[in-house]
Amino acid sequence: MVFKLGLAIASRATYTSKSLQLSRHCSSFPKTDNTFANGIQNDNKSLDFDFHHLFLSCPNAHFAKRLHGLLVLTGEAHNIFFSTRLLNLYSHLGDVSSSYLAFGQIRKKNVFTWNSMISGFVRNACFVEAVDCYYQLLGSSGIRPDSFTFPGVLKACVDLNDGRKVHCWVFKLGFGLDLFISASLIHMYTRFGLVGDARKVFDEMPVRDLGSWNAMISGFSQNGESAGALRVFEEMKLVGVKMDTVTVSSVLPIFGPLNDHVGGMLIHCSVVKHGFESDVFVSNALINMYAKLNNLRAARRVFDQMMVRDLVSWNSVIAAYEQHFEPHVALKLFLKMKSIGFQPDRLTIISLASVAAQCGSGHNGRSIHGFTIRRSWIAEDTIIENALVDMYAKLGHVEPALKVFEGMTRKDVISWNTLITGYAQNGLASDAIEVYDRMPGFGDIVPDQGTIVSILPAYSHVGALRKGMGTHGRAIKLGLHVDIFVGTCLIDLYAKCGELVEATSLFQEVPRRSSVPWNAIISGHGIHGHGDKSLELFKEMQDEEVEPDFVTFISVLSACSHSGLVEHGRHYFKLMQEKYGIKPILKHYGCMVDLLGRAGHLDAAYEFIKEMPFQPDSSIWGALLAACRIHGNVELGKVASNQLFVVDSENVGYYVLLSNIYANIGKWDGVDEVRSLANDRGLRKTPGWSSIEVNNRVNVFYTGNQSHPLSEEVYKELEVLLTKMKSIGYVPDYSFVLQDVEEDEKERILLSHSERLAIAFGIISTPHKAAIRIFKNLRVCGDCHNATKFISKIVDREIIVRDSNRFHHFRDGRCSCGDYW
DNA sequence: ATAGGGTTAG
């Protein structure tokens with residue numbers, strides 16, 4: 001029975017890829033091995049072979065070699081008919097070199113031979129060789145290419161010049177009207193992005209068959225011209241050409257980019273109507289379409305209903321889950337895929353790299369890297385290497401990311417963007433800036449939207465307003481400033497550098513139908529302590545019917561917490577769930593704990609943590625601990641730190657906070673205890689630093705550091721200021737000094753806090769009355785905050801301090817935060 | 001004996 005099936009496939013004749021595909025899917029293939037072997041065995045005695053039959057049932061390259069031997073043995077090797085079939089057989093079985101060897105042995109080649117060789121090369125993706133073969137054919141006397149030659153050659157053209165030359169020959173030999181060739185020409189031109197030339201070929205066709213329509217549709221869709229593809233598709237339906245599975249799999253990819261749910265589903269309906277679901281290409285395209293339309297369930301349903309799945313099906317469904325941040329489902333599917341015998345390919349690996357990053361699994365990440373090395377995909381596949389750089393960066397492993405990047409032979413814009421983003425997202429803004437400055441900016445590597453949105457947050461992070469403005473100019477030159485993401489990053493930059501007015505005016509210019517720019521401007525006002533303005537903007541957003549997302553509520557809630565708007569915060573936390581159906585994530589809870597804690601509702605904050613639906617992490621307990629520091633609650637502070645020393649025992653910040661609480665009430669044994677705890681764990685305090693941009697140069701000051709060229713003058717200035725400050729009522733608050741030392745010493749310690757060094761430097765190195773902008777990596781110290789108020793009055797300057805939390809705008813002896821932060 | 005147009009990505 002099975003045997004008959006094998007023969008039936010074979011007897012429908014010819015080694016078209018379709019029949020081979022079918023026979024590969026036929027799990028009973030080994031039986032036909034026997035057919036072949038028996039055929040040889042039986043006929044060997046009489047030396048009378050049915051070569052026809054043997055060709056048709058030859059199962060693999062090994063038997064092809066035996067067949068080859070038999071041909072030689074029986075003197076049939078020079079039969080052009082058989083030898084051409086032999087080279088064809090080899091190429092179908094994936095053995096191009098044997099195919100080419102057989103080709104070389106044929107002394108008198110005819111067009112069939114040449115055509116077979118060319119298409120054999122193409123089938124095995126040896127495009128350069130195929131084109132070469134075509135040129136040899138042109139050069140051999142007495143033989144002309146025929147209509148069968150061109151489709152293969154056109155597919156092989158990796159160079160546009162070759163493509164155009166072949167097109168000329170097509171004209172010269174009078175094949176301009178051949179349908180197969182026309183479709184191939186259309187395909188060739190669209191491969192080089194020349195949709196116009198393709199369209200010209202298409203328009204000049206007096207008759208069009210389905211193949212040329214399909215070529216035109218896919219030509220548009222693959223060049224990102226979804227609307228164009230849709231137009232051709234509609235046109236085709238209008239003239240009454242019936243679509244087939246190829247049409248369907250060519251149009252399906254456009255509905256994702258067009259965000260056209262209805263259109264996509266309509267096609268899905270006709271797929272069902274025509275029974276196209278059984279086509280693997282069609283189902284795969286459906287999975288991808290639904291994934292891009294964010295309809296993960298529909299994508300999964302298509303996948304589950306498939307009878308036959310191929311590697312693309314698995315890759316598609318894995319990528320779908322990966323892109324919807326369900327790495328564990330993706331991983332499970334991958335294991336399943338492997339267990340039924342599918343080997344991962346490059347696309348699987350690209351998804352898996354992201355899956356590993358999302359799981360935070362460094363172990364998986366390294367195995368993926370190892371796998372690509374074993375397959376020698378590394379150093380030759382830019383996309384995979386970019387994926388690896390991205391993976392390592394997201395895992396927080398910056399050094400391996402850099403190593404992969406440096407080892408790349410072909411870096412493109414995305415490689416650079418990925419590395420810049422990688423540094424920026426790991427808090428290494430200055431490294432990000434360094435990489436950006438190193439970026440060539442010519443050739444193929446021209447900064448694009450991705451570059452701008454990766455570097456701007458780095459500038460925002462260190463408050464490098466001047467450099468950021470330079471990039472703003474570059475974005476305008478590149479015409480990228482109209483882009484909504486670039487615009488949003490610029491809003492964020494100006495807001496984070498204290499230029500709220502500039503940020504607001506940019507916001508007015510940016511298209512605001514999406515929540516993205518709104519989120520930026522809301523949080524911008526929030527960090528400046530203008531909570532009321534943030535809420536006003538949120539109302540405006542609702543009035544304009546812009547759908548808020550989870551980021552919007554992080555902005556809103558943190559704005560509430562910066563301004564002490566407790567009741568508003570509670571209200572919006574509820575609203576977000578009840579009206580907008582947004583499930584709060586850890587960050588929202590963090591904002592709420594911060595909000596309640598800072599406002600002094602410490603017990604409420606603690607209750608809130610206890611009622612959280614998931615495990616609180618260090619950010620939650622950290623918020624509670626910080627609140628305990630402000631309100632001097634030792635008991636709860638200890639509870640919070642005990643949790644913190646478990647979940648994030650490596651972070652010194654929390655040890656410092658707790659010892660701060662003890663120092664505040666003069667409990668020096670507590671301070672000592674915490675310090676020795678930190679010492680035992682080998683932890684050292686994160687050095688605090690502050691920076692100030694003067695004359696387009698960033699000056700960095702570390703606490704107590706005297707290495708700055710002007711540090712002597714800086715300390716002199718601070719001494720002068722201190723006397724003046726004291727005369728108008730400044731009293732140092734020694735509770736911010738963690739060392740149990742004499743008061744003189746404490747005063748000196750406070751004086752050498754990095755923010756004060758930076759401010760004093762600003763005073764002596766910028767023009768009279770110019771505003772001073774300081775950036776501090778940690779939170780500003782309470783005594784420095786108080787001192788800065790006095791300084792702003794004495795020197796009559798605006799002093800803007802941005803710390804890791806928010807802005808402090810000092811003017812005339814007051815701070816914009818109203819001492820609430 | 002030889003031929004076209006199809007799905008997935010950083």
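Residue numbering restarts at 1 for every chain, and letters A, B, ... go by the order of the sequence lines.
Side-chain atoms of A:Asn315 do not come within 3.5 Å of backbone N or O of A:Ile318 as any donor-acceptor pair.
Ring geometry for A:Tyr392 versus A:His369: interplanar angle over 60°, hence perpendicular rather than tilted (30 to 60°).
In this structure, CD1 of A:Ile181 is placed 12 Å from P of B:dG5, rounded to the nearest angstrom. Distance, A:Ile186 CD1 to B:dG4 P: 15 Å, rounded to whole Å. Residue A:Ile384 contributes atom CD1, which lies 17 Å from atom P of B:dT8 at whole-angstrom precision. Here the P atom of nucleotide B:dT2 and the CG atom of A:Asp146 are 12 Å apart, to the nearest Å. In this structure, the CZ atom of A:Arg85 is 12 Å from the C1' atom of B:dT2, given to the nearest Å. Taking atom CZ of residue A:Phe180 and atom P of nucleotide B:dG5, one finds them 10 Å apart after rounding to whole Å. Atom CD1 of A:Ile287 is separated from atom P of B:dG6 by 19 Å (rounded to the nearest Å). At whole-Å resolution of the value, NE2 in A:His187 and C1' in B:dT7 are 13 Å apart.
Checked against B:dA3, B:dT7, B:dA1, the side chain of A:Asn110 finds its nearest nucleotide in B:dA1. With B:dG5, B:dG6, B:dG10 as the choices, the nucleotide that has an atom nearest any side-chain atom of A:Ile414 turns out to be B:dG10. Distances from the side chain of A:Asn88 to the nucleotides B:dG5, B:dT2, B:dT7 place B:dT2 closest. For A:Ser147, the listed nucleotide lying nearest its side chain is B:dA3; candidates were B:dG10, B:dG5, B:dA3. Comparing B:dT7, B:dA1, B:dT8 by their nearest atom to the side chain of A:Gln222 picks out B:dT7. In this structure, of B:dA3, B:dT2, B:dT7, it is B:dT2 that holds the atom nearest to the side chain of A:Asn115. Listed nucleotides B:dT2, B:dG6, B:dT7 differ in distance to A:Ser116; the shortest reach to its side chain belongs to B:dT2. Comparing B:dT7, B:dG10, B:dG5 by their nearest atom to the side chain of A:Ala387 picks out B:dG10. Candidate nucleotides B:dA3, B:dG10, B:dA9 were compared by shortest atom distance to the side chain of A:Asp178, and B:dA3 ranks first. Of all nucleotides listed (B:dA3, B:dG6, B:dG5), B:dA3 comes nearest to the side chain of A:Arg123.
Taking the side chain as every heavy atom from C-beta outward, A:Pro344 and A:Phe334 approach each other to under 4.5 Å.
The stretch residues 342-353 of chain A participates, sequence neighbours left out, in these salt bridge (Lys or Arg N to Asp or Glu O under 4.0 Å) pairs: A:Arg346-A:Glu380, A:Arg346-A:Asp381.
Evaluation of atom-type donor-acceptor distances gives a pair under 3.5 Å for the side chain of A:Ser249 against the base of B:dG6. Contact annotation: side chain of A:Asn284 to base of B:dG6, donor-acceptor pair absent below 3.5 Å.
Residue contacts shown for A:Thr149 are absent, as no nucleic acid heavy atom lies under 4.0 Å away.
A:Arg199 and A:Glu235 are joined by a salt bridge, as a carboxylate oxygen and a charged side-chain nitrogen come within less than 4.0 angstrom of each other.
Residue A:Phe148 and nucleotide B:dT2 are classified as a stacked aromatic pair, their ring centres being separated by less than 5.5 Å at an interplanar angle below 30°.
In terms of the side chain to side chain contact (heavy atoms under 4.5 Å, CB included) criterion, residue partners of A:Asp132 (sequence neighbours excluded) are, by chain and number, A:Gln136.
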